[in-house]
Amino acid sequence: MVITHSLGFPRIGTRRELKHALETYWQGSIPEEQLEREGEALRRKNWGLQDGLDLAPVGDFSFYDHVLDMSVTLGHFPDRAGLAEGSITDRYFRVARGRSGNDDRGCEIHAGEMTKWFDTNYHYIVPEFHSETGFSLNPERLVAQIREARKQGVAPKPVIIGPVTYLWLGKSKDDTDKLSLLDRLLPVYAELLDRITAEGVEWVQIDEPALVTDLDADWRHAFNVAYHSLKTSQAKLLVTTYFGDLRENLQLACELPVSGLHLDAISAPEEVARIVDWLTPLKVLSLGIVDGRNIWRTDLGRTLDWLEPVHDRLGDRLWLAPSCSLLHVPVDVDLEQKLDADIKGWLAFAVQKLDELSVLARALNSGRTAVNDKLTENARVIQSRQVSSRVHNPAIARAVDSLGSHAGHRRSPHSERVHAQRRHTVLPAFPTTTIGSFPQTTDIRLARQQFRKGELTDTAYVARIREEIAYCVDQQEELGLDVLVHGEAERNDMVEYFGEQLDGYAFSQFGWVQSYGSRCVKPPILYGDISRPKAMTVEWIRYAQSLTGKPLKGMLTGPVTMLNWSFVRDDQPRKDTAQQLALAIRGEVLDLEKAGVKIIQIDEAALREGLPLRRSDRADYLDWAVHAFRVAANGVRDETQIHTHMCYSEFNDIIDSIARMDADVITIETSRSHMELLDAFRGFEYPNDIGPGVYDIHSPNIPDKQDMVGLIRKAAERIPSGRLWVNPDCGLKTRKWEEVVPALRAMVQAAGELRQAAQ
Ligand code: GLN
Ligand code: ZN
């Protein structure tokens, strides 16, 4: 019999129960025991939803982050948290969330650093290593959950992060070679496996997704060392890889002395045959055949076509699973009441994906006829999506095709158009601006909500937003900023706002996915060819411009960010979808220009997020991503100034691509890294204007004027001061007006001081 299992299940609950439990606990409204009970209830429910599986994951649930949980299990808690008082739960959250400023004893407690989990939008807490790092086993959480699962009649398969990937995920704080810690780490893993087997567990899932990344000889060797050392364990280890293909690590993965290997057959279909050939005759091969990262229904017939021969060869050694943990998809599409019926029929969230898995397993175990109805229904749905006129609009394909190569090019190079722009828009040296959004007060959120529910008329809503825009413009004038914005009061989210106005996008009600901790996002669903029925921002921007004599910057979200923060159709290359988005946004850019807007910012906050895991795939991604941005931006006249914004500081590796975007001005996050970012400019002469963020908008603290002057002076060592702008790191929507006004006042004064010194 083919075994079915899953690598992990969404932990947030169908109604984001985890978020509510955590937030009420953090507010002090519920005690720790109640939080624990909520956790238990969620796990119970999740196992219930997975009861069609032969093996259910245990230990995939986490109150904040599974990597931090692994750190706890390995007794590897940042020292600063160990010194702090409080229960283990308190200390856990202190590392997870940090505290702003100082604690009551005057010590500063930083949050653990967070970074993206491979190429997903999930963020984990980075383990910190140094030469003294030690480990000691702390298995209670996992053991308790194994018992909990048992009690519920679930066959548990504990899930842990493998030792090599655990080191790979961490960061060395003192240049210690992370691999030098492997010897200290392995005995703790061995102990952990013993402890788990003592609970009567047979299989342990040990995640090693580092195997799908570029590894040098030392890291590859570490895999051999690690698994040879763990092979004495009684536990049967299923090493899992996901998010990519194994390539040069394929043989290594196949030959590890373990009992089974899981391969993500969605992202590495071409490796299945090679692995089947290579795997020793005793090992289990688990194939991820249902996409764990996207929300489309699987074509069951087509999957069986290639899976049946594999099954013929492997027999009971074949296991089936989703490609990766289902953490990255929403829980249950059946909850959706407002989705269009066609589109809803095309979707599978976590619960539906597990159903697909059981159908496939039954088809293999008992023949296709045993699940004939299901297969017929599936074929009908797949077919309806393939031919739907909601998905395919030939006019759009034609418009993209007819774009021509000049579409991505400005008429003149930056060095020339800069003069046209200076004549068109007169600005002082070190011009000041902001990134777009201003505080989103409860009042504004309420107005948007009421409008959505139909409790506020169109006219009343427009009046309310205009009032907010007027207030925002007024404040900026008073502060003396040079390039103003309208403040984005009408936007709930920078992707959703545009998605809602484009054809080809749909929105779920409950399609939440964890981003980090209690934070969830609800990515829009990009299901079909993209077009823009009408202008999306022009009226608001035109109104804002009418209120001031200063230049007002129009504000858009770029095509690559729209793509990277959505669930994207899987029936055409992402590159093609990006082109369609680019064309739609290009239309908006041109409409803004026609409306007299002289400066247009196109945010590409998520451009870096789409970067492939493998270095050799990056150039291709960057090529089409940059091209998409250029198509969106570059239809304008020379005198129109294009800005872009990116909110991260790791630029060094992609700086030349950023330059190729050819935006006249780029605003970037820099203050938290104290302009380390500008190192990128040491070896690369960035040709256009730059606004390195001079203060961190994530902190409520009012930035110090002198600090900001210092930062810009530092920047001026690398970049000619005539090309520097002065602005915050990112948008201000999460801040309060009381914080924003003094912060911007100090920023404007800092620019004033720089100007004076330059005279
Ligand atoms: N214009 C957006 C804002 O200011 C940019 C947000 C972002 O970069 N994430 O909110
Ligand atoms: Zn930003």
Side-chain angles (χ1 to χ4, degrees), residues 114 116 121 123 432-441 444-445 448 465 468-469 472-473 475-476 481 483-499 515-516 519 521-524 536-537 540-541 544 552-566 585 588-589 592 597 599-610 629 632-633 642-651 658 661 663 665-673 677 690-699 725-737 739-740 743-744 747:
M114 223 166 31
K116 270 160 57 76
N121 287 330
H123 298 74
T432 54
T433 191
T434 60
I435 308 304
S437 58
F438 267 83
Q440 293 246 336
T441 56
I444 272 300
R445 288 177 203 276
R448 275 202 316 261
I465 297 290
E468 191 65 24
I469 291 176
C472 187
V473 170
Q475 292 292 314
Q476 295 172 79
L481 285 153
V483 171
L484 312 195
V485 296
H486 78 298
E488 301 183 20
E490 78 286 11
R491 300 182 194 177
N492 173 36
D493 172 275
M494 65 188 285
V495 172
E496 191 170 280
Y497 178 76
F498 292 96
S515 167
Y516 64 87
R519 220 29 122 81
V521 294
K522 188 149 63 68
M536 304 182 280
T537 61
W540 300 126
I541 305 293
L552 194 122
K553 182 161 67 163
M555 204 59 58
L556 303 172
T557 300
V560 188
T561 299
M562 295 289 298
L563 187 83
N564 285 343
W565 282 346
S566 303
I585 292 160
E588 188 71 15
V589 169
L592 283 170
V597 180
I599 304 182
I600 299 165
Q601 177 173 312
I602 307 169
D603 291 328
E604 283 292 18
L607 187 118
R608 198 176 200 291
E609 288 194 11
F629 178 87
I642 296 289
H643 289 214
T644 189
H645 165 71
M646 296 181 186
C647 20
Y648 35 80
S649 48
E650 295 151 41
F651 266 168
I658 306 242
M661 291 164 73
V665 182
I666 177 170
T667 56
I668 40 181
E669 174 182 314
T670 29
S671 72
R672 274 189 295 183
S673 61
L677 153 83
I690 301 187
V694 291
Y695 79 86
D696 177 11
I697 58 95
H698 299 91
S699 151
W725 286 61
V726 177
N727 47 264
D729 262 351
C730 194
L732 303 166
K733 72 178 194 185
T734 54
R735 298 264 64 93
K736 301 192 174 90
W737 277 105
E739 296 157 354
V740 161
L744 291 178
M747 188 187 88

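For the single chain, residues carry numbers from 1 onward in sequence order. Values reported hereafter were calculated over all heavy atoms of this structure, with side chains retained and with hydrogens, waters and symmetry mates removed. Remember, it's 1-based here, ligands and their atoms both numbered in the order they're listed.
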Residue and atom name of the nearest protein heavy atom (relative to [atom]), distance in Å to one decimal:
atom: atom 2 (C) of ligand 1; result: D603 OD2, 3.3 Å
atom: atom 8 (O) of ligand 1; result: H645 CD2, 3.0 Å
atom: atom 3 (C) of ligand 1; result: S437 OG, 3.3 Å
atom: atom 6 (C) of ligand 1; result: M494 SD, 3.6 Å

Query raised in the report: N/O of E488 under 3.5 Å from N/O of ligand 1, yes or no?
Result: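 Looking only at distances, the answer is yes, because the N/O contact criterion of under 3.5 Å is met.
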Query raised in the report: Hey, what's the angle at the Zn ion (ligand 2) spanning NE2 (H645) and SG (C730), nearest 10 degrees?
Result: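 NE2 of H645 and SG of C730 make an angle of 120° at the Zn ion (ligand 2), to the nearest 10°.
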Any side-chain heavy-atom pair from [X] and [Y] closer than 4.5 angstrom?
X: N564; Y: L607; result: no
X: R519; Y: V521; result: no
X: D493; Y: K522; result: no
X: P524; Y: Y497; result: no

Near [X], which atoms of ligand 1 are under 4.0 Å from a heavy atom of that residue?
X: G731; result: 3 (C), 4 (O), 10 (O)
X: C730; result: 7 (C), 8 (O), 9 (N)
X: G436; result: 4 (O)

Report summary line: Output for pair (F629 CZ, T561 OG1), nearest 0.5 Å, gives 9.5 Å
Requested in this report: Give the ring-plane orientation class for H123 versus Y516, where under 30° counts as parallel, over 60° as perpendicular and anything between as tilted.
Outcome: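 Judged by the thresholds at 30° and 60°, the geometry between H123 and Y516 is perpendicular.
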